[in-house]
Novice: 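Below are the structure tokens for one structure; questions will follow.
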Protein chains: 2
Amino acid sequence: MDRFLSSAVNRIDAKGRVSVPAHFRAVVQKRGYGDLYALRALDVPALDVGGLDLLDRYEQRISLEDPFLQAADDMSFFIHGDGAFLKFDQDGRITVTDFIREHTGITTDVAFVGRGTFFQMWEPSRLEEYGAQVRQRLLRLRQAASARSLGEGTE
Amino acid sequence: MDRFLSSAVNRIDAKGRVSVPAHFRAVVQKRGYGDLYALRALDVPALDVGGLDLLDRYEQRISLEDPFLQAADDMSFFIHGDGAFLKFDQDGRITVTDFIREHTGITTDVAFVGRGTFFQMWEPSRLEEYGAQVRQRLLRLRQAASARSLGEGTE
DNA sequence: TGGGGATATATGGGCGTCAACGGGAATAAC
DNA sequence: GTTATTCCCGTTGACGCCCATATATCCCCA
């Protein structure tokens, strides 16, 4: 398996370290990532974590912009300057920095969530809340869709 | 790693020196920069720091302007006449000059921000404020894009 | 089927190394 | 002489390396 799937919650120890789930570590190795790179998710209190190829995608996107306009500068600032390296110790743990705590609200436990080509780090209770919201939205979407397909002029 | 990534805040000591983050120093060496060259960023209170190839980027910018207009002349003056060399001591520190303090508002601490091919020096609280603005703009960009892709006649 | 290891994972903690930082003294500049 | 810069050394705290332990899972074999 070479994709980040499923989720797990691990505890932060007294030194501020937390184990990355073994399954995720296997994916990291298979993909040949040395260090991990973490970016802030823009609309949720979570971090997007992956290899440096996470940046390739963004840099490709930036190259489409006029390099002297604000948009390009913002994008570069965000991915190059507003990220952080996560270094494994040899037991597969990373240290939870202030950068991580600030953006996510993480204090004692970390929820790791697979997202295919990358994974996310969440404060567990916030993740749960967010999950409920997502399910709610999907349910409404589905209901709206079936309402539309029944009576075409319902709205 | 050959790009300036992530950020760090270091303190200025009583002699006016500040350590350049070790990771950045490694990049500097890998890129073969002897001394560093610092330019005022055009629209933010920060310094752009890198090798002399930094000038290439700005000269390219200037070449886009009409040479008969004042803008091109202003930019050239700004860049060629208003830069400064930053010399490392043998512990990897640079001295914070009045030039740096004036343009950035730096007093006791320096935030180093990776920007890929160069890095920036900021006054930490100003950086934080600017980062929040950038994320806000990027979020709006993203939301505008998804609104467009959902309902085509929403606007 | 059930017991008893062997293995893997998460977690805790000791300890050495290195980067950041502070300061003394030599050297250069004015 | 005075000031500023450069070199060198010591301190400190964070982080990486290493080892130990507890728990769960799997596998083999009786």
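In the text below, chain A, chain B and the rest are named by the order of the sequence lines, each starting its count at 1. Computed from a predicted structure; not experimentally measured.
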Novice: Output the residues of residues 97-127 of chain A in contact with DNA chain D, where contact means a heavy atom of the residue under 4.0 Å from an atom of the strand; sort by number or write none.
Specialist: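 Per residue number, the list is empty: none.
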
Novice: Would you indicate what Val9(A) reaches in the nucleic acid, counting non-hydrogen atoms under 4.0 angstrom: base, sugar-phosphate, or nothing?
Specialist: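 It contacts nothing in the nucleic acid.
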
Novice: Where the side chain of Lys15(B) is concerned, which of dA10(C), dT6(D), dA20(C) is the nearest nucleotide?
Specialist: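 For the Lys15(B) side chain, the nearest candidate turns out to be dT6(D).
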
Novice: Pull out every residue in residues 82-92 of chain A that has a heavy atom closer than 4.0 Å to any atom of DNA chain D, ordered by number, or say none.
Specialist: Lys87(A), Gln90(A), Asp91(A)

Novice: Which one of Phe85(A), Phe24(A), Phe88(A) satisfies the side-chain contact (heavy atoms from CB on, under 4.5 Å) criterion with Leu36(A)?
Specialist: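 It is Phe88(A); the other options fail the test.
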
Novice: Both Ala14(B) and Arg25(B) contact DNA chain C. Which one's nearest nucleotide lies toward the 5' end?
Specialist: Arg25(B)

Novice: Is it the case that Glu123(B) and Ser125(B) place a side-chain donor and acceptor less than 3.5 Å from each other?
Specialist: yes

Novice: Any side-chain to backbone donor/acceptor pair from Arg93(A) onto Val20(A)? Under 3.5 Å, distance only.
Specialist: no

Novice: Using atom CG of Asp13(B) as one end and atom C1' of dG24(C) as the other, report the distance to the nearest whole Å.
Specialist: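 It works out to 13 Å between those atoms.
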
Novice: For Phe4(B) and Phe112(B), I'd like to know if the aromatic rings sit close, meaning centre-to-centre distance below 6.0 Å.
Specialist: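 Centroid separation for Phe4(B) and Phe112(B): 6.0 Å or greater.
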
Novice: Say whether, by atom type as modelled, one donor and one acceptor occur between the side chain of Ser146(A) and the main chain of Gln143(A) under 3.5 angstrom.
Specialist: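 Yes; judged by distance alone, with no hydrogens or angles, the pair exists.
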
Novice: On a heavy-atom basis, which atom in Gln120(B) and which in Asp48(B) lie closest, and how many Å separate them?
Specialist: NE2-OD1, 3.0 Å

Novice: Between the side chain of Arg31(B) and the main-chain N/O of Asp2(B), is any donor-acceptor distance below 3.5 Å?
Specialist: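 Indeed, once roles are kept as given, a pair shorter than 3.5 Å links the two residues.
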
Novice: Regarding Ser19(B), tell me which of base, sugar-phosphate or nothing describes its non-hydrogen contacts under 4.0 Å with the strands shown.
Specialist: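 The residue Ser19(B) makes sugar-phosphate contact but no base contact.
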
Novice: Please assess Arg135(B) against Asp74(A) for the test side-chain contact (heavy atoms from CB on, under 4.5 Å), listing each intermediate value before the final yes or no.
Specialist: CA-CA 8 Å; Arg135(B) 287 192 295 278; Asp74(A) 282 353; over 6 Å; no

Novice: Using modelled atom types only, decide if a donor and an acceptor are shared between the side chain of Tyr37(A) and the backbone of Ile79(A) within a distance under 3.5 Å.
Specialist: yes

Novice: Where each residue is assigned the nucleotide of DNA chain C containing its nearest heavy atom, which of Arg17(B) and His23(B) is assigned the position nearer the 5′ end?
Specialist: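 Per heavy-atom nearest nucleotide, the more 5' residue is His23(B).
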
Novice: Taking atom P of dG22(C) as reference, at what distance in whole Å does atom CG of Asn10(B) sit?
Specialist: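 Going from Asn10(B) (CG) to dG22(C) (P), I get 10 Å.
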
Novice: Taking the minimum atom-to-atom distance to the side chain of Arg93(A), which one of dA20(C), dC18(D), dC8(D) wins?
Specialist: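 Among dA20(C), dC18(D), dC8(D), the one nearest the side chain of Arg93(A) is dC18(D).
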
